[in-house]
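To start, the structure under review is shown below, and the notes come after it.
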Amino acid sequence: TQVKKYAQVPVGPYSGALHPTDYEDVANYTNYYEFSTDKKSSTVLAKNLQTSPWSIAVEGEAEKIGVFNLEDILKNNPLEERIYRFRCVEAWAMVVPWIGFPLGTMLKQFKPTSKAKFVEFTTLYDPKVMIGQKTNVLAWPYVEGLRIDEAMNPLAFLATGMYDETLPNQNGAPLRLVVPWKYGFKSIKAIVKIRFTETMPATAWSKMGPSEYGFYANVNPEVAHPRWSQSRERILGASIFTPKRKTEMFNGYGDQVASLYKGMNLAKQY
Ligand code: MTE
């Protein structure tokens with residue numbers, strides 16, 4: 001039986017009238033290369049990860065740096081639910097009711113300095129448990145990043161749970177990023193370090209394939225991945241007879257985020 005730990009959490013803004021994908025589909029088809037490149041094996045393998053106690057190192061261009069217990073961070077950040085459309089670069093899409101708190105609210109608590117132009121996030125490195133880290137499919141540890149104004153956008157979210165429950169390990173427990181207008185690979189799991197930087201962080205996917213995975217990674221139907229189109233998407237769990245739907249620019253969140261990219265050529269800065 002599953003514990004409805006978060007059932008009382010209020011639904012926050014931007015949640016729209018989206019119908020959530022089945023929990024089982026979201027929890028059993030995951031990308032978590034630290035465990036496996038197989039989307040089903042990560043469900044089993046990630047059970048070995050110890051998610052409590054958990055601490056997060058805050059480094060770089062901020063006044064309040066140091067190592068913080070996740071429990072203390074949670075005390076300062078009231079939980080809410082955000083029902084977001086989520087889309088992976090491999091062309092599947094889903095709607096997930098995430099439980100967590102806005103990223104920007106938390107980042108401000110560390111008082112970033114005026115030199116903080118980017119935020120870099122790092123996943124745990126522990127190859128004894130994260131056995132996929134014994135392979136070199138990606139450069140470990142997994143690193144992702146956002147420009148500071150992207151990170152402060154009220155849509156950017158940190159999740160500790162989903163569907164009224166604690167986040168399953170395979171979905172990124174105990175703390176994962178959710179950036180709904182960007183491809184799923186931006187949404188880094190099991191975060192252990194947050195670093196404010198003046199220069200653009202080198203991210204794991206762009207190191208692996210710079211022509212395939214850019215820093216911005218905004219959902220953009222007009223920019224094809226070199227090996228496949230991004231113009232349509234498959235709803236996770238839908239039957240193979242269900243036609244794919246058209247991918248929306250910024251995953252449908254253009255009203256909230258398009259202004260962040262004014263003047264940029266998004267075909268070049270993909
Ligand atoms: N975070 C870590 N640490 N390792 C990963 O392999 N995969 C990314 C992202 N976060 C990944 C990660 C990719 S490619 C996607 S599409 C999403 O997680 C998938 O999130 P989900 O498995 O919860 O659907």
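When reading the values below, keep in mind they use all heavy atoms of this one structure, side chains included, and skip hydrogens, waters and symmetry mates. All residue numbers refer to positions in the sequence shown, counting from 1. Numbering of ligands and ligand atoms starts at 1, following listing order.
Around the CG atom of Asn265, the shell of radius 6.0 Å holds more than 12 heavy atoms that belong to other residues, nucleotides or ligands. By the neighbour-count criterion of 12 heavy atoms within 6.0 Å, atom CD of Glu71 is sparsely surrounded, having that number or fewer from other residues, nucleotides or ligands.
The shortest contact between atom 24 (O) of ligand 1 and any protein heavy atom is with Met94 CE, 3.1 Å. Protein heavy atom closest to atom 6 (O) of ligand 1, with residue, atom name and distance, is Tyr33 N, 2.8 Å. Considering only non-hydrogen protein atoms, atom 8 (C) of ligand 1 sits nearest to Tyr142 OH, 3.2 Å. Regarding atom 10 (N) of ligand 1, its nearest protein heavy-atom neighbour is Ser187 O, 2.9 Å. Nearest non-hydrogen protein atom to atom 16 (S) of ligand 1 is Cys88 SG, 2.7 Å. Among protein heavy atoms, the minimum distance from atom 20 (O) of ligand 1 is reached at Arg176 NH2, 3.1 Å. Protein heavy atom nearest atom 4 (N) of ligand 1, with residue, atom name and distance: Glu34 OE1, 2.7 Å. Scanning the protein heavy atoms around atom 17 (C) of ligand 1, the nearest turns out to be Gly184 O, 3.4 Å.
Classified by interplanar angle (parallel below 30°, tilted 30° to 60°, perpendicular above 60°), the ring pair Tyr84/Phe157 is perpendicular. Below 30°, between 30° and 60°, or above 60°: for Tyr183 and Phe185 the angle between ring planes is below 30°, a parallel geometry.
Contact annotation for Lys186 and ligand 1: no heavy atom of the residue comes within less than 4.0 Å of the ligand. Proximity of Tyr183 to ligand 1, defined as any heavy-atom pair under 4.0 Å, is not found for any part of the residue. When heavy-atom distances to ligand 1 are checked against a 4.0 Å cut-off, Asn31 comes that close through both its backbone and its side chain. Residue-level proximity to ligand 1 for Phe185 is carried by backbone and side chain together, each with a heavy atom below 4.0 angstrom.
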**Request:** Kindly determine whether Lys186 and Phe215 satisfy side-chain contact (heavy atoms from CB on, under 4.5 Å), including the steps that lead there.
**Result:** CA-CA 9 Å; Lys186 277 273 153 186; Phe215 177 82; 4.0 Å; yes

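Counting heavy atoms from C-beta on, the side chains of Ile99 and Leu167 never come closer than 4.5 Å.
The contact set between ligand 1 and Ile188, taken as ligand atoms under 4.0 Å from a residue heavy atom, comprises 1 (N), 10 (N). Under a 4.0 Å criterion applied to the non-hydrogen atoms of Thr30, ligand 1 contributes the atoms 22 (O). Close contacts of ligand 1 with Thr123, meaning ligand atoms under 4.0 Å from a residue heavy atom, involve 3 (N). Those atoms of ligand 1 with a heavy atom of Tyr32 less than 4.0 angstrom away are 3 (N), 4 (N), 5 (C), 6 (O).
Counting only non-hydrogen atoms, the option in Lys39, Lys189, Gln133, Met130 that gets closest to atom 1 (N) of ligand 1 is Lys189.
Using a 4.0 Å cut-off between charged nitrogen and carboxylate oxygen, Glu248 and Lys246 do not count as a salt-bridge pair. Using a cutoff of 4.0 Å between basic side-chain nitrogens and carboxylate oxygens, Arg176 and Glu144 are not scored as salt-bridged. Taking a cutoff of 4.0 Å between a charged side-chain nitrogen and a carboxylate oxygen, Glu233 and Arg245 qualify as a salt bridge.
Note: an N/O pair closer than 3.5 Å links Asn171 and ligand 1 by distance alone.
Both the sub-6.0 Å distance and the 45° axial angle are not jointly satisfied by Lys189 relative to the ring of Tyr142. Cation-pi contact between Lys207 and Tyr213: absent, since separation from the ring centre below 6.0 Å together with deviation from the ring axis within 45° is not met.
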